Amino acid sequence: MSSLDWTVFLVYLIGIVGFGLWVGRGNLRIDDFFLAGREMRWWAVGLSVMATQISAITFIGTTGQGYNDGMRFLVMYFGLPFAMVVLCVTVVPFFYRARVFTAYEYLEKRFDGPTRTLTSLLFLCSRGLSVGVTLYAPSLVLSVILGWSENATILLMGGTTIVYVMYGGNKSVIWTDVVQMGIVWFGILLCLGIAVSHISESFGIRNALALAQATGRLEIMDTSPSLSKPYTLWSGLVGGLFLMLSYFGCDQSQVQRYLSGSSLTQSRLSLLFNAFLKVPMQFLILLTGVLVFVFYHFQAPPLLWNKVELARLERGAPPEDLARVRARFEAAHAARRTAAQAFGASRSPEATQAYLAAGADLTAARGEVVALVEKTTGKTYGDTNYIFPTYILNELPKGFVGLVIAVIFAAAMSTLSGEFNSLATATMVDFYKRFVRRDAGDAHDLLASRLFTAFWGLFACAIALQAGRLGSAIEVVNRFGSFFYGSILGVFALAILTPRASARGAFWGLILGMATVGVVAATTSVHFLWYNVVGTVAVLVYGLAITALWGVAKPQSS
Amino acid sequence: MSEPREDPVPIFGTWPRIYGAVVILALVVMAFAAFFSKYPF
């Protein structure tokens with residue numbers, strides 16, 4: 001990075017911490033600290049909801065996904081606007097009128113204490129571990145691409161976020177999210193604009209889109225009824241709907257954002273704001289990835305996107321094998337460039353076939369490089385997350401690189417801040433104030449809340465620092481989350497949709513629902529987007545069956 | 001339980017109309033995505 005890039009990046013980092021501390025002053029009670037005094041406007045909450053959902057790896061990984069696989073990933077968000085409407089009609093009024101701090105607190109009002117404790121504990125376990133991954137993944141990418149120390153990147157990203165969230169609580173989270181979301185949107189439009197200008201110079205935007213279309217990268221609507229195929233229209237609409245209902249309706253990191261609205265109307269509008277913006281945003285991010293794919297037809301891509309692995313390959317692979325795969329890769333790339341130019345000039349069926357054959361040959365050549373890496377290192381190799389940062393670093397002008405690194409930091413920090421804050425809230429409200437110090441004063445509660453924030457921030461840093469060694473354990477954690485997301489949604493559905501469901505039905509329905517998802521995941525090839533549907537339906541069925549068998553709970557006021 | 005503050009419903013006057021607008025917009029965005037993926041560039 002040039003000194004101008006460093007200046008841009010440091011201005012962002014110092015500015016955002018300073019701003020977070022400034023807007024977060026004046027917290028006197030935990031209402032202020034956790035719910036920003038319940039006085040936020042819809043647009044601020046809406047941007048914060050969006051910022052919490054978009055992590056750095058969403059930004060870098062989704063562009064990489066656009067490069068490798070095209071735009072079909074967009075269907076994952078098709079269920080989101082419908083989920084927002086369902087939530088505005090159902091859970092948001094219940095949460096808001098119950099004046100709760102956490103989503104799980106509502107379950108105690110409706111069912112009983114153990115159900116609240118179990119759901120909150122599941123949130124703490126999964127979110128507490130996954131927040132470490134949220135911190136580790138972009139730090140790893142930035143350390144590889146920029147040559148920064150991985151540990152220093154983790155501590156810089158995590159440490160700066162801890163400082164302002166610990167001091168300012170949810171008020172700092174929401175207002176810094178607003179700024180960070182502005183930076184992320186600017187970064188997306190900037191990257192798209194630069195990709196378009198690169199393509200326009202070398203090939204023309206219409207040719208570029210035709211080329212991407214010929215490779216199937218503009219294909220979005222796959223209407224296949226297969227349950228095991230990823231990202232079909234149906235898995236996006238139905239599975240995506242349940243995933244978004246679970247995430248926005250039952251995950252404290254999101255619920256806490258919209259509980260900070262100054263009225264029920266403001267909370268509802270904040271979610272509907274996301275319903276409008278989310279799909280177009282993902283569309284632009286994926287389109288940027290697709291244009292970067294076309295750009296690398298006319299610019300030589302590296303042999304591997306991960307330059308640390310490339311250096312390892314150059315040191316460890318037999319020189320003659322490396323020279324062979326490199327020569328094959330470069331020849332295949334040159335042939336594809338020629339075929340792409342011929343395609344752009346004529347668009348004839350013959351030119352299209354020749355281009356597709358050249359593309360398949362390049363894919364095969366790259367497959368040989370990857371096979372050599374895997375043979376040399378003994379590990380499976382994937383580099384989707386390194387494509388976009390490599391493009392940024394090599395192709396963007398001075399100053400813009402620092403800005404896009406700031407965008408990646410902003411995306412990561414906006415997610416981390418919401419998660420630290422929500423983890424502290426669940427710990428404080430669902431456990432500490434129930435089981436340890438029920439009637440401590442405001443000063444004590446505020447101090448304890450800040451200490452829990454610091455604890456979860458440091459815990460995330462510790463997990464991230466160890467993540468490289470944990471390896472497959474991280475994958476287990478991510479899979480674990482998908483096992484219970486739908487099941488927790490099932491408990492909320494029982495609470496809100498079935499007034500006669502009993503506490504026993506909810507508690508055991510949740511456990512049996514998670515077990516059912518585990519069995520489906522272990523014994524079938526059903527795509528993970530469907531797990532949420534399975535979990536929700538299973539909990540509803542088990543919960544109602546247990547209620548019918550063991551009796552009906554007395555309806556409680558809500 | 002105390003009732004929280006309620007603001008007037010903005011833009012379309014009632015929530016069902018607002019939800020209807022969101023659903024229609026979502027369908028329009030999906031139709032645009034389908035059109036974009038099939039448009040003969």
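Labels below follow one simple rule: chain letters A, B, ... track the order of the sequence lines, proteins then strands, and each chain is numbered from 1. Here the structure is a predicted model, which means the values were calculated and not measured.
Here the closest non-hydrogen pair linking B:Ala33 and A:Phe78 is CB-CZ, 4.1 Å. Annotation for B:Trp15 and A:Arg268: closest pair NE1-NH1, 3.2 Å, computed over non-hydrogen atoms. Closest approach of B:Lys38 and A:Gln213 over heavy atoms only: C-NE2, 3.7 Å. B:Ser37 approaches A:Leu218 most closely through the heavy-atom pair CB-O, 2.6 Å. Of all heavy-atom pairs between B:Phe41 and A:Ala210, the closest is CB-N, 3.7 Å.
Considering only heavy-atom pairs separated by less than 4.5 Å from chain B, the leading option among A:Leu209, A:Val89, A:Leu80 is A:Leu209.
Using a 4.5 Å cut-off between heavy atoms, A:Arg217 makes no contact with chain B at all. When heavy atoms are compared at a cutoff of 4.5 Å, B:Phe32 approaches chain A solely by way of its side chain, counted from C-beta outward. In this structure, the portion of A:Leu287 lying under 4.5 Å from any heavy atom of chain B is its side chain and not its backbone. Of the two parts of B:Pro16, neither the backbone nor the side chain holds a non-hydrogen atom closer than 4.5 Å to a non-hydrogen atom of chain A.
For the atom pair CG (B:Leu25) and CG (A:Leu272), the distance works out to 11.0 Å, reported to the nearest 0.5 Å. Here B:Phe36 contributes atom CZ and A:Met71 contributes atom CE; the two are 5.5 Å apart, rounded to the nearest 0.5 Å.
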Practice task
Apply side-chain contact (heavy atoms from CB on, under 4.5 Å) to the pair B:Met30 and A:Leu237, showing each step before the final yes or no.
Solution key: CA-CA 10 Å; B:Met30 286 166 60; A:Leu237 273 175; 3.9 Å; yes
